[in-house]
Amino acid sequence: MINYNDITFSYGGNNLFKDFNLNITDNEHVCIAGRSGVGKSTLLNFLLGFLQPEKGMIEVNGIQQSNENIQLIRNQILWLPQDINLPFQNVRELLQFHFQFKVNRKKLYDESKALELFAAFGLDRSLINHEIAQLSGGQKQRIAFIAGILTDKQVYLLDEPTAALDPESTIRMGQFVQSCTDRTIMAISHDEHFQKYFDRTITL
Amino acid sequence: MDISFWGFMMGLLLLLIPCYYLNFYKTGLVKDTLIGASRMIIQLFLIAIYLEYLFKWNNAWINLLWVVVMTVVAALTVLNRTKLSRSLLLLPALGAFLFSVLFIALYFIGCVVQMSDLFDARYFVPISGMILGNILIANVIALNTFYSGIKRESNFYRYQLGNGATFQEALRPFMRDALIKSFNPTIATMTVMGLVSLPGTMTGQLLGGSSPSVAIKYQIMLMIAIFASSLISVLITLWATRRKAFDTNGLLKDTI
């Protein structure tokens with residue numbers, strides 16, 4: 001469950017949010033749409049503790065966001081940013097990277113599951129042996145998504161996950177998101193073909 | 001054997017060769033070279049006068065004060081060279097440097113040379129100075145690599161935090177880079193020492209009349225002391241400065 005309660009925030013003299021409220025229930029899939037600069041990514045940044053609203057309260061799965069609790073909230077989240085620089089040599093290194101974090105240490109890296117997800121996203125299995133530098137932007141983003149999925153997080157935050165994808169890959173991404181019925185998903189996307197796979201779309 | 005006035009002048013004449021070529025290729029470095037060399041000569045002559053008195057007095061408190069002054073200058077120099085916030089980071093850097101210098105210098109004098117007077121000016125001042133000089137270089141490289149890395153790769157840094165990495169875990173790749181970049185040169189120097197070059201301490205002792213076996217023992221011990229103190233100081237500096245440099249959500253402050 002994700003709650004944004006009475007959020008107020010201005011940036012560069014513009015009131016981006018004024019007493020903004022959004023409630024996402026457990027396992028609900030919500031897409032946030034809207035023109036550039038309206039504050040879509042800002043909503044994710046509030047949740048991750050990268051930005052502080054001037055007023056209001058944010059809650060994730062019953063944990064009220066604060067400086068003390070931010071780690072507890074981040075521990076539950078898979079965040080897929082739009083632009084990622086991944087300083088890894090190869091794909092396998094990226095897939096295993098999240099397992100170095102304390103929060104994931106008790107979980108085991110499962111390569112067969114990774115390969116199943118490669119197939120679900122329309123990625124060639126041989127990519128697992130490739131260098132990161134050989135991948136396209138869309139491939140990198142999908143593999144980063146798979147790396148996060150392997151760590152079994154409860155909440156997915158996806159920032160423009162289809163921006164670098166062709167229509168066929170967008171459909172696969174949408175179908176995958178739709179199949180995650182036991183996950184709470186909040187995505188940012190202006191892609192109408194992708195939005196239709198969500199329970200609801202909110203336009204800012 | 002002392003160097004005479006005319007011998008000293010003859011030595012300075014060697015500067016004409018680099019100055020000629022720096023001028024010939026219009027590097028714009030002649031003025032800097034002359035200013036640098038002049039500053040070095042004046043500073044070292046002043047230090048020589050000061051050290052004469054320091055050795056004559058041989059007072060532990062004055063020696064300690066001298067090392068503290070050198071440490072303050074070193075910490076300020078590191079922050080100036082790295083262009084990091086002096087007001088936020090001076091105290092942590094100063095504390096880190098002071099701890100590393102005193103710990104290693106006193107360990108060296110007490111446990112390795114086994115002097116009864118730990119603050120003896122002839123040992124405490126030059127050994128601390130040598131350690132500080134190397135700490136300075138290692139810290140400039142480490143701080144630059146660490147903070148510029150986080151600024152340059154802020155996306156990746158945030159990506160880690162946003163996916164559950166703790167503050168320490170998210171910093172680890174940047175710590176690793178900082179250590180690699182600042183210690184690779186020292187490791188390379190140790191590897192070829194004695195083959196490619198005769199190091200400064202050893203050369204100085206040989207010129208001062210020590211036997212080669214004494215000279216190499218001092219050189220080996222000093223290299224290890226320098227390596228250890230540089231590593232300790234870099235780790236403490238990074239640890240101490242990051243407490244001031246990041247906010248409670250783990251993000252680098254804009255003022256850094």
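Heavy-atom basis, side chains included; hydrogens, waters and symmetry copies ignored. Chain A is the first sequence line, chain B the second, and so forth, proteins listed ahead of strands; every chain is numbered from 1.
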*So with a 6.0 Å cut-off around CZ of Arg35(A), is the heavy-atom count from everything else above 12?*
no
_Which residues share a ring-ring contact (aromatic ring centres under 6.0 Å, His included) with Phe97(B), sequence neighbours left out_ = none
*asked:* Between Gly148(A), Pro87(A), Pro81(A), who has the most heavy-atom pairs with chain B when the cutoff is under 4.5 Å?
replied: Pro87(A)
Considering distance alone, list the donor-acceptor pairs between chain A and chain B shorter than 3.5 Å.
residue, atom, partner, partner atom, Å
Gly49(A), O, Asn249(B), ND2, 3.1
Asn67(A), OD1, Thr248(B), OG1, 3.4
Asn67(A), ND2, Thr248(B), OG1, 3.1
Gln71(A), NE2, Gly164(B), O, 3.1
Arg74(A), NH1, Asn249(B), O, 3.2
Arg74(A), NH2, Asn249(B), O, 2.9
Trp79(A), N, Asn163(B), OD1, 2.7
Trp79(A), O, Asn163(B), ND2, 3.0
His98(A), NE2, Tyr159(B), OH, 2.9
Lys102(A), N, Glu169(B), OE1, 3.4
Lys102(A), N, Glu169(B), OE2, 2.5
Lys153(A), NZ, Asn163(B), O, 3.0

*Residues from residues 121-130 of chain A approaching chain B under 4.5 Å (heavy atoms)*: none
_Residue among Ile77(A), Leu86(A), Ile73(A), Ile70(A) with most heavy-atom pairs under 4.5 Å to chain B_ = Ile77(A)
*Write down the atom of Phe101(A), the atom of Gly164(B), and the distance for their closest heavy-atom approach.*
CD1-C, 4.2 Å
*ring-ring contact (aromatic ring centres under 6.0 Å, His included) with Phe156(B): which residues, sequence neighbours excluded?*
Phe88(A), Phe97(A)
